[in-house]
Amino acid sequence: MKKSTQELLDILKSTENINDYIQLQQQELLDLSLPAILQKLLDTQQLTKADVIRASGLDRIYAYQIFSGAKTPSINKLLALSFAMRLNLEQTQQLLKSAGYPILYARKQWDSVLIFSIQKQLPLPEVNDLLYELKLPLLE
């Protein structure tokens, strides 16, 4: 059974040696690069890179560079890929965290629109329409 982040934090606080902690908790630690996480999500969603790139509206070459790790995407481009993969909120938050971005926060208007759109499984063009109507930055 997976430990919660709080459980890991409690263990880490009481650890005398970081190497022991890493060795004992290896199965609990995230050690996937962004390309590896994207590939894992593609596999989970049973999608191809080509299909996701087409649905994301991103430049094809640039998107393939994101998948290979040659380019680091902006949060907007990462979210465009998330919508193209039809990820749920938990998967989207995991993807954002893995790339070093903050998770979507319901107190922020832009984030709230994205959370709503994820929950409703809206396609990317509809998300951008909604953002446009509310005069908020689009996902590009």
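The structure presented is a predicted model; accordingly, all values stated were derived computationally and were not measured.
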Problem - Distance-only polar pair, side chains of N19 and Q23, donor-acceptor under 3.5 Å - result: no
[X] and [Y]: which non-hydrogen atoms are nearest, and at how many Å?
X    : Y    : result
L78  : A99  : CD2-CB, 3.5 Å
P137 : L131 : O-CD1, 3.4 Å
S117 : L130 : OG-CD2, 3.9 Å
S98  : L34  : OG-CD1, 3.9 Å
E7   : K2   : OE1-O, 4.4 Å
P35  : S68  : CG-C, 3.8 Å

Practice task
Decide yes or no on side chain to side chain contact (heavy atoms under 4.5 Å, CB included) for Q45 and Q91, but give the supporting numbers first.
Solution key: CA-CA 11 Å; Q45 300 298 99; Q91 292 167 317; 3.4 Å; yes
Taking atom [atom1] of [X] and atom [atom2] of [Y], what is their separation to the nearest 0.5 Å?
X   : Y   : atom1 : atom2 : answer
E28 : I22 : CD    : CD1   : 14.0 Å
R54 : T48 : CZ    : OG1   : 6.5 Å
I53 : L47 : CD1   : CG    : 11.5 Å
S14 : Y21 : OG    : OH    : 9.5 Å
K3  : Q27 : NZ    : CD    : 10.0 Å
L41 : Q94 : CG    : CD    : 6.0 Å

With a 4.5 Å cut-off on side-chain heavy-atom distances among I, L, V, M, F, W and Y, is there a chain of contacts connecting [X] to [Y]?
X    : Y    : answer
Y105 : L89  : no
I103 : L9   : no
I75  : I115 : yes
L24  : L8   : no

Please confirm whether the backbone N or O of [Y] pairs with a side-chain atom of [X], one donor and one acceptor, at under 3.5 Å?
X    : Y    : result
D111 : A106 : no
Q93  : L104 : yes
W110 : L136 : no
T15  : I18  : no
R86  : Q121 : yes
S82  : T92  : no

Exercise for the section: Using the side chain to side chain contact (heavy atoms under 4.5 Å, CB included) rule, take V52 and F67 through it: C-alpha gap first, then chi angles, then the decisive distance, then the call. Expected result: CA-CA 11 Å; V52 169; F67 278 101; 4.2 Å; yes
Problem - Evaluation steps, side chain to side chain contact (heavy atoms under 4.5 Å, CB included), between K77 and L139 - result: CA-CA 7 Å; K77 292 190 180 354; L139 291 177; over 6 Å; no
Handout entry: L87 side chain near I118 side chain, heavy-atom distance below 4.5 Å
Key = no
Handout entry: Pairwise side-chain contact, L38 with K49, heavy-atom cut-off 4.5 Å (strictly under)
Key = no
Exercise for the section: Answer yes or no: are there more than 12 heavy-atom neighbours, outside F116 itself, under 6.0 Å from its atom CZ? Expected result: no
Problem - CD/Q119: more than 12 non-hydrogen atoms of other groups inside 6.0 Å - result: yes
Problem - Derivation and outcome, side chain to side chain contact (heavy atoms under 4.5 Å, CB included), residues L95 and Y101 - result: CA-CA 9 Å; L95 183 61; Y101 291 114; over 6 Å; no
Handout entry: SB check D43 K40 (cutoff 4.0 Å)
Key = no
